[in-house]
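Here is the structure we will look at.
To find a chain, count down the sequence lines: A is the first, B the second, and so on, and within it residues start at 1.
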Amino acid sequence: MPELPEVETIRRFLSLGQGERPAILGRKLQSVEVFWERSIAYPDSALFVKQIKGQVIQEISRRAKYLVFRLSDRWLLIHLRMSGDLSVRHDSQARDPYDRVVFNLDCSLYLAFNDTRKFGKVWLVDDPELVLAGLGPEPFDPQLTEADFFARLQAYRRQLKPLLLDQSFLAGLGNIYTDEALHLARLHPLMRSDQLSMEQSQQLLESIRQVLMLGIESQGASIDWVYRGGEFQNHFRVYQRTGQPCPTCGTGIFKVTIGQRGTHFCPTCQIKPEL
DNA sequence: AGGGAAACCCGAACGC
DNA sequence: TGCGTTCGGGTTTCCC
């Protein structure tokens with residue numbers, strides 16, 4: 001079993017080995033350089049640079065797809081979106097052309113927020129809830145029981161695929177993990193959420209947890225020249241496997257578009273029930 | 001309420 | 001060879 005997802009996630013983003021303490025903990029943010037203003041979601045870029053100066057990094061955690069840095073008396077939140085990455089580098093190491101925000105620390109290190117496609121964002125706020133309010137439960141939250149999950153599904157009449165991608169319904173699933181979880185649970189992506197039986201709902205929650213756990217163990221997927229992570233792509237059941245055999249039954253995998261997102265599924269294992 | 005589309009971005013990979 | 005077009009990742013916002 002891997003450690004808690006929080007720990008693994010942060011380890012990956014800070015390029016740490018087993019048991020290593022993040023070098024940036026307890027360090028003071030001496031200055032910040034912004035190379036792409038629109039990476040700063042809040043407040044405006046000038047204010048951000050001014051207000052973060054002198055803050056000390058006290059603690060690092062995660063909520064949904066946000067990295068949460070507790071500073072001396074403010075909070076820094078970072079969302080990497082798809083192509084974003086964080087790395088801790090020594091001052092002697094050169095900047096990358098795609099560094100968007102650079103945080104200079106008081107120890108000859110700097111934290112680089114690198115983001116080829118410029119979709120990632122950072123926030124500096126007094127209260128992290130300003131950004132995080134509205135997120136649904138964590139998939140691994142023990143408080144999220146099978147009964148709760150079933151009740152949440154019943155509360156909507158929505159297609160499973162877009163619902164699972166909705167971060168206010170459940171926080172943390174992206175396109176890859178949603179397709180993988182639906183296949184494992186043998187549920188059609190267009191099936192309406194209020195039509196699942198209790199048993200199917202249990203199966204779905206279990207599949208979500210299983211797929212996420214495998215993703216974490218694999219340190220994420222590398223699917224692109226820029227979207228790099230671990231080796232979860234070697235475990236894909238349906239994602240980006242259009243036309244290739246279903247691991248369960250051998251049928252060729254279908255790809256369709258649902259809610260503007262590429263959606264992969266097995267037409268044999270994942271049957272849409274009659275309405 | 002819920003679905004669809006556009007916007008934000010880039011560069012690989014394609015078609016011609 | 002060199003153009004132009006398409007694609008897709010997560011999220012917000014607007015429209016029907």
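- Rounded to a whole Å, the NZ atom of K118(A) is 18 Å from the C1' atom of dG8(C).
- Between R27(A) and D106(A) there is a salt bridge, since at least one side-chain N of the basic residue sits less than 4.0 Å from a carboxylate O of the acidic one.
- OP1 or OP2 of dG10(C) lies within a sub-4.0 Å distance of a side-chain N or O belonging to R261(A).
- With dT12(C), dG8(C), dC9(B) as the choices, the nucleotide that has an atom nearest any side-chain atom of K255(A) turns out to be dG8(C).
- Residue Q260(A) places none of its side-chain N or O atoms closer than 4.0 Å to OP1 or OP2 of dA6(B).
- Nucleotide dG3(B) holds its P atom 11 Å from the CG atom of D166(A), rounded to whole Å.
- Comparing the start and finish of the helix from dG2(B)-dC16(C) to dC16(B)-dG2(C), five pairs each, the helix axis swings through 60°, to the nearest 10 degrees.
- A side-chain donor from one of D148(A) and T145(A) sits under 3.5 Å from a side-chain acceptor of the other.
- At distances below 3.5 Å, not a single donor-acceptor pair connects side-chain atoms of E206(A) with backbone N or O atoms of A185(A).
- Rounded to an integer number of Å, the gap from CG of L165(A) to C1' of dT12(C) is 14 Å.
- Using a 4.0 Å cut-off on heavy atoms, the residues of residues 152-163 of chain A that approach DNA chain B are Y156(A), R157(A), R158(A), Q159(A), listed by number.
- A cation-pi arrangement, defined by a distance under 6.0 Å to the six-membered ring centre and an angle within 45 degrees of its axis, is absent between R192(A) and Y156(A).
- Nucleic acid contact class of K121(A) (heavy atoms, under 4.0 Å, all strands): none.
- For the residue pair R186(A)/Q203(A), the side-chain donor-acceptor check at 3.5 Å is not satisfied.
- Contact between the side-chain N/O atoms of R192(A) and the OP1/OP2 oxygens of dG2(B) is not found at any separation under 4.0 Å.
- If you check the side chains of T116(A) and S83(A), you find no donor sitting under 3.5 Å from an acceptor.
- A donor-acceptor contact under 3.5 angstrom links the side chains of N114(A) and D96(A), judged on distance only.
- With dT11(C), dG9(C), dG11(B) as the choices, the nucleotide that has an atom nearest any side-chain atom of M82(A) turns out to be dG9(C).
- Contact between the side-chain N/O atoms of H79(A) and the OP1/OP2 oxygens of dT11(C) is found at a separation under 4.0 Å.
- Aromatic ring centroids of F48(A) and W123(A) lie 6.0 Å or more apart.
- Look at K161(A) and D179(A) and you find a salt bridge, because one of the NZ, NE, NH1 or NH2 atoms lies within 4.0 Å of a carboxylate O, short of that distance.
- Between Y98(A) and dC9(B), a side-chain N or O to OP1/OP2 separation shorter than 4.0 Å is absent.
- At whole-Å resolution of the value, CG in D115(A) and P in dC9(B) are 11 Å apart.
- Counting heavy-atom neighbours within 6.0 Å of R209(A) CZ, excluding the residue itself, gives a total above 12.
- Listed nucleotides dT11(C), dC8(B), dC10(B) differ in distance to Q167(A); the shortest reach to its side chain belongs to dT11(C).
- Comparing atom distances between the W36(A) side chain and each of dT12(C), dC9(B), dG10(C) picks out dC9(B) as nearest.
- The distance between atom CG of L80(A) and atom C1' of dG8(C), rounded to the nearest whole Å, is 17 Å.
- Between the CG atom of L170(A) and the P atom of dT11(C) there is a distance of 12 Å, rounded to whole Å.
- Residue R117(A) places a side-chain atom within donor-acceptor reach of the base of dC10(B), judged by atom type and a 3.5 Å distance cut-off alone.
- I176(A) has its CD1 atom 8 Å from the C1' atom of dG9(C), to the nearest Å.
- Rounding to whole angstrom units, CG of residue L173(A) and P of dT11(C) are separated by 10 Å.
- In the set dT11(C), dG8(C), dA5(B), the nucleotide with an atom closest to the side chain of Y239(A) is dG8(C).
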